[in-house]
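See structure below.
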There are 2 protein chains.
Amino acid sequence: MPKVSEEHRVERRDHVIEATLRLIVDQGVHRLSMADIIHESGLSAGSIYSHFASKDEILGAVVELSLMTATANLRELLAREPLPDPAEVIERLLPKFAGASGSVALIQVWGQAVVERQLGSIATTHVAQLREAFDQYAEYWLAEQGIARPGAGRELGALLLALSQAFTVQTAFGEPFEVDELKASIVRAAELFAAAERVGGHRG
Amino acid sequence: MPKVSEEHRVERRDHVIEATLRLIVDQGVHRLSMADIIHESGLSAGSIYSHFASKDEILGAVVELSLMTATANLRELLAREPLPDPAEVIERLLPKFAGASGSVALIQVWGQAVVERQLGSIATTHVAQLREAFDQYAEYWLAEQGIARPGAGRELGALLLALSQAFTVQTAFGEPFEVDELKASIVRAAELFAAAERVGGHRG
DNA sequence: GTCTATAATAAGATAGAC
DNA sequence: GTCTATCTTATTATAGAC
């Protein structure tokens, strides 16, 4: 196995993937052409096609990277001491690009994943992992609040994942959404959840 | 003003818009070609171009219709007696197509709106209206629960709008999301909100 | 208004030299 | 592996008859 060559290969692929991601943020998937990717990456057509079989393969790699990034970020947050609060977790899920860019990219990625079989199955895998990470975070966070009811973590995890999706949508849109208001909603929802658990657990 | 002609015009436009929407649900915006629209609508190229200046104009109309539909549906729900519960409201927001299709279309529409200036401003308007309708629904619903604190409607409205966005994402994806779990989250969040208001109002 | 046929261009992918 | 040049097909939009 030639090691240098392998490193080079990965480096080149990442370079192309990131150029593509930038383009998607700027102009959207539906205006994305190979000519754009060639220009933005600074590589040539021949070079790109020696690393990717097709434009679709590049898109697949972009989808995978985007979704993996969110899960990786959440896992990193899970390991922090002290544990970040729910609003912070959701805010730091997409730091690949600053501000709205990560959200814009992710929404485009969703649009692809929802419509293309192959991308959809990639997405399913990563989303399941993201969900697990959220459940675990919720469990830890509830434990800090002195709550340990089995199942509570999963319930709050579901809510937080849902709210993180809303966060993605709203930051991508910008106007007329207000990020601070949404963050307040998230914090409040989590607090209400914890308070209710503290008082009486989940009433059926 | 020739009335028949005007009706005809609107009818033809709607026909094209709905054909386009079907295609978007099936194959996504990024694979949408005029040839597809021509075939799916059953009209000819010449006919379509006599009603729309360009493919982009068709897409704009699709975006506008999709977003208007959600607001219109919510307003209709607002007028119902008895008032539907939060989970039902969110579920019935996108009944234009049954099941996941409405969500799939809407996610595609978001992807477009987030990236194209012109579509973005259309979206901003409609989203603001949707938000207002949600606030009002929340106010009514809280009133039914015996809660009338000024501002409470806006707070719950923000939460419900956010959760409706998550609902759109999750129904569009399908696996591994579970709609019933999300609906349970929505109901529970609303109930916790109401319960907290009943006990002590919003603590700062 | 609507149709068929087609012009003009854009886009994905490959060939072949280095 | 990488480049330039190019092939081939798709694609948007229009022309002109009816």
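We name chains A, B, ... by the order of the sequence lines, and we start the count at 1 in each one.
Proximity of B:Ile24 to B:Leu59: side-chain heavy atoms (C-beta onward) are separated by under 4.5 Å at one or more points. Side-chain contact check for B:Gln170 versus B:Val179: every heavy-atom pair is 4.5 Å or farther apart.
Residue B:Tyr49 places none of its side-chain N or O atoms closer than 4.0 Å to OP1 or OP2 of D:dT14. Put simply, B:His30 has no side-chain N or O that comes within less than 4.0 Å of OP1 or OP2 on C:dG12. Residue A:Arg12 places at least one side-chain N or O under 4.0 Å from the OP1 or OP2 atom of D:dT2. Between B:His15 and C:dT2, a side-chain N or O to OP1/OP2 separation shorter than 4.0 Å is absent. Taking side-chain N and O atoms only, B:Ser54 has no distance below 4.0 Å to OP1 or OP2 of D:dT12. Side-chain N/O atoms of B:Ser47 include one lying less than 4.0 angstrom from OP1 or OP2 on C:dC3.
Between the side chains of A:Glu116 and B:His30, at least one donor N or O lies within less than 3.5 Å of an accepting N or O.
When distances are taken from the side chain of B:His8 to each of C:dA5, C:dT2, D:dT2, the shortest belongs to C:dT2. Across D:dT12, C:dC3, D:dC3, the shortest atom-to-atom separation from the side chain of B:Met34 is found for D:dT12. For B:Ser44, taking side-chain heavy atoms from C-beta onward, the closest of the listed nucleotides C:dT2, D:dA5, C:dG12 is C:dT2.
Taken residue by residue, residues 17-27 of chain A places no heavy atom nearer than 4.0 Å to DNA chain C.
Across the protein-nucleic acid pair, A:His39 atom NE2 and D:dC3 atom P stand 14 Å apart, rounded to whole Å. Atom CZ of A:Phe52 and atom C1' of C:dA13 are 15 Å apart (whole Å).
Using a 4.0 Å heavy-atom cutoff across all strands shown, B:Leu32 reaches sugar-phosphate atoms only and no base atom. Counting non-hydrogen atoms under 4.0 angstrom, A:Ile58 reaches nothing in the nucleic acid. Residue contacts shown for A:Ser33 are limited to sugar-phosphate atoms, with no base heavy atom under 4.0 Å away.
Counting heavy-atom neighbours within 6.0 Å of B:Glu175 CD, excluding the residue itself, gives a total of 12 or less.
A:Asp135 pairs by the salt bridge (Lys or Arg N to Asp or Glu O under 4.0 Å) definition with A:Arg131, A:Arg154, not counting sequence neighbours.
Between B:Gln165 and the options B:Leu163, B:Val169, B:Leu161, B:Thr168, a side-chain contact (heavy atoms from CB on, under 4.5 Å) holds for only B:Leu161.
Taking the nucleotide of DNA chain C with the nearest heavy atom to each of A:Ala53 and A:Arg31, the more 5' of the two is matched to A:Arg31.
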